[in-house]
Amino acid sequence: MSEETSGRRTSGTGMTGDEMEALRARTVPDIVAEGLRVLFCGINPGLTTARLGHHFAHPGNRFWPVLHASGFTPRRLRPSEQHELLTYGLGITNISPRPTARADELTPEEYRTGGRVLAEKVARLRPEWLAVVGVTAYRAAFGDRKAQTGPQEAAIGGTRVWVLPNPSGLNAHWTPETMAEEYGRLRAAALDGPS
């Protein structure tokens, strides 16, 4: 529900329309380096992420707790500590750099373009694994309508691809526990080698 504030409408976020539009123009820099063990790829920054400048920053997003519960990090990192991921051989990027309130605001062309840009980025950085968080996003970005969660047959050069559950709090199909199990399968493959 909206309310009037100083003559401008605000959404449930408490921000004016002008403030929300300003956030939509922001970009959130990648956390990347060459030769990472895993490059996690989100769909696109949410408005909270854009406002704070930290990936997966919305309090309802389960990325950081699941990353720790799955064994990727020795403790639960805060979004503001995102650069520590590099010390563990991990990084973060997105399919689309455009911040939105919901991922379904992205167009099919933005997904396809994002997939091409992501493939170029992966070819340049050469991570061991690309982990796309969200099967629907992976399907849209790479045109693989039959993709399922888990390791993919497709690779980008020498980089293997794994599709993980979307950690958004809106993804009710996965609990934190089942997500941690799936992320843990990737961790075992990436850090411990083939099972």
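Everything quoted here is computed from the prediction, not taken from an experiment. Scope of the values below: all heavy atoms of this structure, side chains included, with no hydrogens, waters or symmetry mates.
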Mind checking whether Thr49 and Pro99 have side chains closer than 4.5 Å, heavy atoms only? no
Should Ile156 and Leu130 be marked as a side-chain contact (heavy atoms from CB on, under 4.5 Å) after you check the CA-CA gap, both sets of side-chain angles, and the distance that decides it? CA-CA 9 Å; Ile156 300 172; Leu130 171 65; 3.9 Å; yes
Ion pair Glu81/Arg78, N-O distance below 4.0 Å: yes
Closest heavy-atom contact between Val133 and Gly42? CG2-CA, 3.5 Å
Side chain of Arg160, backbone of Pro151: donor and acceptor closer than 3.5 Å? no
What's the separation between atom CD in Gln152 and atom NZ in Lys146, rounded to the nearest 0.5 Å? 13.5 Å
Identify the two heavy atoms, one from Gly184 and one from Ser70, that lie closest to each other, and give their separation to 0.1 Å. N-CB, 3.5 Å
If you group Ile, Leu, Val, Met, Phe, Trp and Tyr by side-chain heavy-atom gaps below 4.5 Å, do Leu125 and Val28 land in one group? no
So do the side chains of Leu39 and Trp129 get within less than 4.5 Å of each other, counting heavy atoms only? no
Spell out, yes or no, whether Leu85 and Val66 are grouped together once hydrophobic residues are joined by side-chain heavy atoms under 4.5 Å, including indirect joins. yes
Check whether any side-chain N or O of Arg37 sits under 3.5 Å from a backbone N or O of Gly89 as a donor-acceptor pair, and report yes or no. no
Do you see a donor-acceptor pair shorter than 3.5 Å between the side chains of Glu182 and Trp162? yes
Would Phe63 and Phe72 satisfy ring pair (Phe, Tyr, Trp, His ring centres under 6.0 Å), going step by step from the backbone distance to the final call? CA-CA 11 Å; Phe63 178 79; Phe72 272 109; 8.8 Å; no
Apply side-chain contact (heavy atoms from CB on, under 4.5 Å) to residues Arg139 and Gln148 and explain how you reach the verdict. CA-CA 9 Å; Arg139 290 173 182 164; Gln148 298 295 318; 3.2 Å; yes
Would you say the side-chain atoms of Asn94 pair up with the backbone N or O of Pro97, donor to acceptor, closer than 3.5 Å? no
Sidechain-backbone polar pair: Tyr183 side chain, Pro165 backbone, donor-acceptor under 3.5 Å: yes
Which heavy atom of Ala137 sits nearest to which heavy atom of Ile43, and what is that distance? CB-CG1, 3.5 Å
Please determine, by modelled atom types, if Thr93 and Asp30 share a side-chain donor-acceptor pair under 3.5 angstrom. yes
Are the side chains of Leu77 and Leu67 in contact, using a 4.5 Å heavy-atom criterion? no
Taking all heavy atoms of Leu36 and all of Ala33, pick out the closest pair and write down the distance. CG-O, 3.4 Å
To the nearest 0.5 Å, how far apart are CG in Leu86 and CD1 in Ile31? 6.5 Å
Identify the two heavy atoms, one from Ser96 and one from Leu106, that lie closest to each other, and give their separation to 0.1 Å. OG-CD2, 3.7 Å
Atom pairs and distances, side-chain donor-acceptor, residues 110-120, under 3.5 Å, sequence neighbours left out:
unit_1, atom_1, unit_2, atom_2, d
Glu110, OE1, Arg98, NH2, 3.0
Glu110, OE1, Thr107, N, 2.8
Glu110, OE1, Thr107, OG1, 3.4
Glu110, OE2, Arg98, NE, 2.7
Tyr111, OH, Ala103, O, 3.4
Arg112, NE, Glu109, OE1, 3.3
Arg112, NH2, Glu109, OE1, 3.1
Thr113, OG1, Glu109, O, 3.0
Thr113, OG1, Glu109, OE2, 2.9
Thr113, OG1, Arg116, NH2, 3.1
Arg116, NH2, Glu109, OE2, 3.3

Does atom CZ (Arg75) have a neighbourhood of more than 12 heavy atoms from anything else shown, all under 6.0 Å? yes
For a 4.5 angstrom cut-off between non-hydrogen side-chain atoms, does Val38 reach Tyr88? no
Is the shortest side-chain heavy-atom distance between Thr175 and Met179 below 4.5 Å? no
Minimum-distance pair of heavy atoms, taken over all atoms of Val163 and Thr149: O-CG2, 3.2 Å
Check: Arg126 side chain, Arg124 main-chain N or O, donor-acceptor pair, under 3.5 Å: yes
Taking side chain as C-beta onward, heavy atoms only, is Leu47 less than 4.5 Å from Thr100? no
Look at the rings of Phe56 and Trp64 and say which category their plane angle falls in: under 30° parallel, 30 to 60° tilted, over 60° perpendicular. perpendicular
Hey, could you give me the CZ/OG distance between Arg62 and Ser168, rounded to the nearest 0.5 Å? 7.0 Å
CD1 on Ile95 to CG on Asn44, rounded to 0.5 Å: 8.5 Å
Is the backbone of His54 close enough, under 3.5 Å, to the side chain of Gln82 for a donor and an acceptor to pair up by distance? no
Nearest 0.5 Å please: distance from the CD atom of Glu128 over to the OG1 atom of Thr159. 8.5 Å
Side chain His68, main chain Thr73, donor-acceptor under 3.5 Å: yes
